[in-house]
Every structure is written in C-alpha cells, then in structure tokens.
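Please read the structure below before turning to the comments.
Letters go in sequence order (proteins before strands), and every chain restarts at 1.
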Amino acid sequence: MPGHASDPIDHPLLHNLNAPQREAVRHARGPLLILAGAGSGKTTVITRRIAWLIEEEGVHPGSILAMTFTNKAAEEMRERVERLVSVPAGQMWVSTFHSFCTRILRREGERTPVGRDFVIFDPSDQKSLIKQVLAELKLPEKQYHPKKVLELISDFKNRCLLPEEAREEALDPWTRRVLEAYDLYQKGLKNHRACDFDDLLLWTERLFRDPVVQAAYGERFKFILVDEYQDTNRAQYLLVQHLARHHHNICVVGDEDQSIYGWRGADIRNILDFQQDFPEAVRIELLQNYRSTEKILDAASQVISNNSQRVEGKGALKTDLGVGEAIHFKLADEGRLESEWVVQRIQELRYLDPDAKVAVLYRANWQSRQMEEALRAQNMAYRLVGGVKFYERQEVKDLISYLRLISNPFDLVSFRRCVNAPTRGVGPTTLGKIEAAIPEGGTPLEGLAALLRSGELKGRAQRELGKFLELFRRAETEREALGLAGLVKWVLQESGYLQSLEDEATLEAEGRIRNLEEFLSAAAETESMGLRLSEFLDRITLAADTDQIEEAAHLSLMTIHCAKGLEFPYVFVIGLEEDVFPNRNARETPEGLEEERRLFYVAITRAQRRLTLSAARRRRVMGTEMLSMPSRFLRELPSEALTAPIRWGTEIYQAGEGVRPGSSFSRGAGGGSVATELQRIRSFFDKVKEVPTPSSHEADPTHEPEPAEKQDPNAFAPGTRVKSARFGVGTILAASGRGDGLTYTVRFDHGGDKRIMARFGGLERG
DNA sequence: TTAATGGATTTTTTT
DNA sequence: AATCCATTAA
C-alpha cells in the first residue's frame with residue numbers, strides 16, 4: 001500500500017493510475033513480479049516505471065535493459081518512454097530477446113563457433129540444411145520428417161542442450177538418430193557461419209556462462225525488465241538469471257493465463273516459480289481491466305477457472321465499463337455459411353458504425369480462406385495477418401539470397417538459391433561439381449571460380465556462371481559507393497533477375513516485380529535510418545508479421561496467437577468445434593488442453609464491446625466432409641453472459657450440463673465403425689481429463705512409475721521397449737494416470753509419439 | 001536441364 | 001482443396 005504523506009500524488013508519471021499500478025511504477029530496487037491481467041494497462045505501467053527510474057531515481061538509460069517478444073512491442077515501449085522522459089534515452093536497451101542476442105553476438109561472437117559475421121537462418125534455410133543432413137545420414141524423410149526433426153532439435157536448443165548434452169534423453173533409436181542429425185546440422189550451421197533463431201539464444205546463453213562476459217553485462221544492466229515473462233523458455237530464463245544475478249533489480253511482467261507458446265518451449269513454470277527464484281520479490285497484481293465490459297470478462301474468467309496451472313491466490317479481473325452486451329453464438333450448418341453469416345454481421349455493424357474496428361480470430365491459418373472468399377464475394381476490404389510472410393515470398397527470398405551471399409560468402413544455402421535464379425542452366429549435377437570444387441575452408445564462390453577455370457563446363461552454363469561470378473566480384477568493389485538501396489537495385493539489374501521476370505510478362509510476374517519494388521523501398525528506408533547491409537538482413541529475418549499490423553485497419557483476419565496484445569471493439573471467434581479449437585493435436589495431453597483454453601481466454605479478452613462466437617456443424621477439411629462436435633469450451637461459458645443458450649442441433653449445450661449420454665455417441669464423424677470406436681475412446685479420454693489433475697506435473701518423472709508398478713505387475717517404466725500390433729516397436733517415454741486410466745506415451749521407431757491406454761493398447765514388452 | 005504430370009500428404013500456433 | 005514432391009517426358 002502506498003503511504004499518504006510521502007505520496008507525490010500529483011507526479012505526472014503517476015497520473016491516472018490506480019493503487020497497484022502506482023506501486024509498480026514506484027518500485028525502485030529489488031525483484032518485482034507484476035501479474036498483469038488482460039487489458040490492465042500493462043504497457044503504461046512498464047513505460048512509466050522505466051521513466052520513473054530515469055527521472056526520479058536518476059538511473060542512467062544505458063543501464064536499463066528491457067526485453068520483449070515482438071519488435072512491435074519493443075518499438076512501442078521505446079517510443080513511449082522517450083516521450084515521458086526529459087533526457088535522451090537512446091541508450092536504453094529495449095529489444096526482443098532475439099535481437100538482444102544478435103547484438104551481443106555481433107560484439108562478442110568470436111567466442112562462439114560461428115564468429116561475429118554470421119547470417120541468421122530462417123525456417124526455410126533450416127529446412128534445406130536439415131534435408132541435406134538427413135540425406136547424408138541416409139535417413140528416409142518418410143520416417144524422419146524434416147519438420148519433426150527440426151522440432152526436436154529446437155526443443156533441445158530451447159533447453160540449452162547441445163547434441164552431446166542431450167544424449168541421456170535419447171532412450172529410443174529414433175531420437176538417437178535425430179541426435180546424430182542434430183550434431184551434423186550444427187556442424188553445417190558452423191560451416192555456413194550461420195545461426196538459426198534458437199542458436200541466437202543458445203550461443204548468447206553459453207557466452208554468459210563465462211564469468212567475465214557475464215560480469216561485464218551483468219554489471220552494466222543495473223535494471224532489467226522482461227515483458228511477457230510467461231512466454232520465456234529455458235534459454236531465455238537462464239539468460240535473464242545470468243544478468244539479474246548481479247544487481248537483483250529484475251522486474252518481470254506477465255500473465256500465466258495468457259501463456260500460449262508452450263509448443264515453442266515456453267515454460268509457464270518460469271512465472272509460477274518466480275517468487276521461489278527470488279524469495280524477496282514483491283508481487284503486484286494488476287486486476288483492473290480497462291478494455292472490456294463485464295459480460296466479456298465474466299465469460300473469460302469462468303473459462304479460465306477450469307485451468308489448474310495458475311498462480312495461487314490471484315484475484316479476478318474487474319471492470320468499470322458496465323455490464324455490456326451479451327456474447328453471441330451462431331451455429332451454422334456448414335463452414336461456408338458460417339463465414340457468410342459473419343460477413344453479414346460485419347456489414348450490419350458497418351452500416352451503424354462505418355469506422356468500426358473488427359477482428360476475426362481463428363485457431364489456425366487455414367481457416368482464413370473461407371473468410372476471405374466470403375469477404376471477396378462482398379467486395380469487402382480486409383487485412384490478412386500471417387500466412388505467407390512478405391520476406392518469405394519466393395522472389396523476395398531470391399533477392400535476399402544474393403544480398404546474403406554478398407554479406408557472408410560462406411552461406412552455401414543462399415548460394416544454391418541464387419546461382420540458379422534466374423535459371424542459368426545449373427541443375428543438381430553442376431551444383432554437385434561446384435560444391436566438390438570448394439576448397440577446404442573456402443567459400444562456394446571460390447569453388448565456382450575453380451570449376452570455371454578447369455574448363456569443365458560448356459556453353460550456357462560456362463557463360464552465365466562466369467557473369468554470375470563476376471557479379472560478386474564487382475559487388476565487392478561497388479558496395480560502398482552504391483549504398484544499401486543502390487546495391488539492391490544494382491543486384492536486381494545485374495543479376496538479370498528483374499529482366500527474367502519482365503520477360504515472363506504474366507500477371508503473376510508483375511505482382512512479383514511489385515513485391516521487389518516494395519523490398520527496394522524497404523531497403524531505402526532502412527538506409528535512411530543509417531543501417532548497413534548486415535543489419536538490414538538481421539532485421540528482415542527477425543521481422544514478424546505482427547510487427548506490421550496497423551491498428552487502424554478496419555477489418556483484420558488473424559490467428560489468436562497473432563492477436564495477443566491487441567484489442568478490438570468487435571471480435572469474432574470462428575470455428576468453435578472440437579478438433580479445430582481445441583486443436584486436434586493439443587487435445588491429447590492435459591497441458592495441451594490447458595494451453596488451448598488459455599488461447600480461448602486470450603481470444604475472448606481481445607474484445608472491448610462485442611464478442612461473437614461461431615461454429616459450423618459440417619465442414620470440409622482437407623477435401624473431405626466432416627461432422628463436427630461442439631467445442632468443449634462452449635460448455636464452459638456462463639449462461640448469464642450469453643444472449644441465448646447454446647444449441648447444437650437439438651441439444652442444449654451449456655455450463656455444467658454437458659451432452660446427455662446416448663445421443664452423442666451415435667452420430668460419429670464419418671459414421672463408420674472405426675470412427676465410432678475412436679469416438680468412444682476419445683470421449684472416454686475426455687472424461688478422464690475432466691478430473692482436475694492435482695498438479696501431477698512436477699512430480700511426474702520421479703513418482704509416476706511407482707504407483708503404476710504397484711497397481712500392475714506388467715507396468716512399463718520409461719525406457720522400456722514395447723511392441724504394439726498397430727504401430728510396431730517403440731520405447732516408453734512416460735506414463736500417466738492410474739488404474740483404468742493408465743496411459744503411456746510411446747515413441748515408435750518409425751517416428752511419431754502416441755498416447756496409448758494400457759487397458760486398450762495391447763502393448764507387450766518387445 | 002527443365003517443365004509437366006500425377007500422386008501423396010497435409011493444417012496448429014511463430015521469434 | 002491445395003501444396004509439395006518425385007518421376008517422367010521434351
């Protein structure tokens with residue numbers, strides 16, 4: 001509680017703030033945990049706190065470090081602080097974790113395997129490298145799906161494990177092979193002088209293990225602030241710990257109910273355990289919501305109360321914005337009708353309020369298509385966020401590959417890309433020859449030069465590749481004079497890329513040229529900010545879609561993940577069906593389900609005035625017609641918050657009631673006997689999971705196998721090899737539940753994890 | 001070497 | 001339905 005006498009009530013930095021917000025702003029030294037509910041004025045508090053430190057505590061801006069997850073958040077934070085303080089604050093470090101790490105590595109990188117002049121690999125570069133590795137190890141992509149393999153590698157990296165350190169986790173053959181791939185993949189990155197996204201964190205964390213480096217930065221950053229702390233993974237957590245160790249002035253801000261990046265390695269326990277990490281921490285809860293009306297908040301808190309992974313003893317969100325409108329729900333017969341209905345509602349509210357800002361939110365990107373079709377049919381303008389990103393378009397990537405190779409001649413992935421864009425008659429054969437000609441420790445261009453000298457190539461290839469090589473020679477000398485934008489334009493022309501698109505003379509090519517022009521102006525803009533080529537390239541790879549959302553857009557279509565941190569007067573959430581939302585793959589584990597629920601919570605709390613939910617009874621998914629079941633989250637909505645009870649066909653589907661037995665099982669999706677059986681098993685799973693799991697989470701590895709063994713002499717401990725008639729041979733990863741609910745997670749040798757119930761699965765020791 | 005064809009496979013979310 | 005891949009024809 002802030003005292004009265006000493007309270008400088010009228011301090012401008014405390015203006016219009018409630019009591020806990022003021023307390024947070026004025027907290028100067030020592031660890032601070034700010035639990036900031038949705039819409040609780042978090043950014044205001046953070047920025048004013050930083051300003052307070054500078055203005056009132058006399059802290060030098062250069063000793064402040066603030067970490068965010070998106071560039072947009074970082075920019076906004078910096079701008080707002082700069083407006084609040086009277087001194088120049090340009091020396092503050094306000095950035096995303098990833099750009100912070102990039103900055104550190106560009107300074108200290110000679111201590112890491114990739115040095116200081118690395119390129120940042122984006123997901124498509126990663127994919128082509130891992131494919132190469134898998135081919136080298138003769139691992140078939142069928143079983144070692146590049147995406148799956150990269151996921152596991154990313155998982156290891158997020159937990160700061162290098163290949164040799166992850167060995168003890170590789171109990172089964174599949175993981176062991178992936179580990180070999182991981183090892184080769186890292187070597188490949190090193191040869192390319194490249195970091196993937198995860199490496200940025202990983203190498204920086206390694207760097208900070210060195211007491212000298214750690215002390216240098218730990219001393220420098222006297223005040224550290226981490227936004228969205230609930231989304232930090234192990235690497236980010238350790239990074240923060242290394243730095244905070246020195247001054248203990250660590251302020252973390254977050255909301256465990258909005259933790260939606262578990263699949264990316266985020267560990268919700270980081271925020272849940274903050275007070276254990278820093279026992280002297282002060283905890284402040286921001287519970288006053290300034291965004292939504294009561295009905296919306298009631299629905300949100302009712303939904304989220306079904307989760308067990310929450311901070312203990314946290315209060316509920318409050319609002320002064322009045323009761324507000326009840327939540328609408330629409331069930332359409334078919335997916336197309338659902339989007340048409342939504343479009344109609346948008347048109348109606350547009351008619352009443354032409355400037356209304358509307359968002360349509362969905363679980364997965366594919367769901368945007370139907371909305372787009374319906375909108376286009378009505379000639380309505382919209383902004384689609386996500387999907388194929390600008391910097392990932394083919395033509396843009398082609399151009400970037402030239403720039404990357406100019407910036408870092410070791411980048412073989414980029415070389416491969418641009419050497420045949422536009423086509424220069426280089427196929428796998430020629431490419432193989434070039435790569436074979438690369439001298440030990442040399443660059444691809446040196447390999448190409450050697451091959452050209454040998455005179456092995458003939459005709460078009462020899463001629464074109466000669467010009468190609470010459471291009472890079474000239475780039476070296478002209479780079480400085482041309483400047484960034486000049487260089488981009490020069491490459492576009494001299495490479496013949498622009499010409500080849502012009503020759504195509506199709507509508508598509510025209511669009512690509514436009515994109516390249518847009519890229520050129522982005523380069524010009526960057527140049528005017530005084531940035532150089534390598535910095536431009538960093539920015540491009542680390543740019544996210546969400547960074548470009550104009551809040552001014554009238555109608556936005558985006559995933560819920562993209563919508564985090566945003567607010568809209570009118571929000572539609574579509575596709576509230578089982579297997580869509582909650583997503584089919586997330587439903588398998590209690591943790592996955594809780595994360596889906598948090599996602600729903602995030603979706604609800606985006607709405608300021610009106611929230612509309614919708615679903616479709618039938619829908620085409622991947623070309624086949626599916627019957628859908630209502631999302632279980634619909635049942636968690638309080639009836640008082642809804643305009644009408646939710647009906648699904650003839651059933652009333654509402655809080656506490658559930659679907660009456662007997663009716664739901666008979667109408668299985670697809671209707672076949674296998675599907676019916678599957679559904680029976682699924683609903684069984686669901687019942688099992690409805691029982692709140694008493695935080696079995698922490699105890700998992702040590703305690704779980706024990707009770708299982710007592711119950712059943714045939715129980716399998718993690719690591720046991722088992723055989724299943726349906727899936728083949730695999731290794732037990734974990735066990736959960738007991739008695740009839742005893743369920744194993746099994747990693748099968750052909751790849752892929754499955755959760756199998758001991759009772760049905762027919763697992764044998766194998 | 002490249003374009004075209006047919007078949008398999010896919011949809012979770014992203015710095 | 002739409003994309004991605006591998007094989008085949010030119």
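There is a side-chain donor-acceptor pair under 3.5 Å between A/N270 and A/T232.
Ring geometry for A/F197 against A/H98 counts as perpendicular: the plane angle is over 60°, on a 0 to 90° scale with 30° as the lower cut.
Mapping A/L599 and A/G427 onto DNA chain B by nearest heavy atom places A/G427 at the nucleotide closer to the 5' end. Mapping A/T68 and A/E596 onto DNA chain B by nearest heavy atom places A/E596 at the nucleotide closer to the 5' end.
B/dT12 and C/dC5 have their C1' atoms separated by 23 Å, given to the nearest Å. On the C1' atoms, C/dA6 is 23 Å away from B/dT11, given to the nearest whole Å.
In this structure, of C/dA2, B/dT14, B/dT11, it is B/dT14 that holds the atom nearest to the side chain of A/Y261. For A/N585, the listed nucleotide lying nearest its side chain is B/dT11; candidates were B/dT14, C/dC5, B/dT11. Closest approach to the A/H561 side chain among B/dT12, B/dT14, B/dT10 is made by B/dT14 (side chain taken as heavy atoms from C-beta onward). Residue A/N365 places its side chain closer to B/dT13 than to any other of B/dT9, B/dT13, B/dT2. For A/M622, whose side chain is taken as the heavy atoms from C-beta onward, the closest listed nucleotide among C/dA1, B/dT12, B/dT2 is C/dA1. Picking from B/dT14, B/dT15, B/dT12 the nucleotide with the shortest atom distance to the side chain of A/A364 gives B/dT12. The side chain of A/P428 has B/dT1 as its nearest neighbour among B/dT15, B/dT1, B/dT12. Candidate nucleotides B/dT10, C/dC5, B/dT1 were compared by shortest atom distance to the side chain of A/T429, and B/dT1 ranks first.
Considering only side-chain N and O atoms, A/K142 lies under 4.0 angstrom from the phosphate OP1 or OP2 of B/dT9.
By the criterion of a centre-to-centre distance under 5.5 Å and near-parallel planes under 30°, the ring of A/F97 forms no stack with the base of B/dT15.
A centroid separation of 6.0 Å or more is found between the aromatic rings of A/Y144 and A/Y182.
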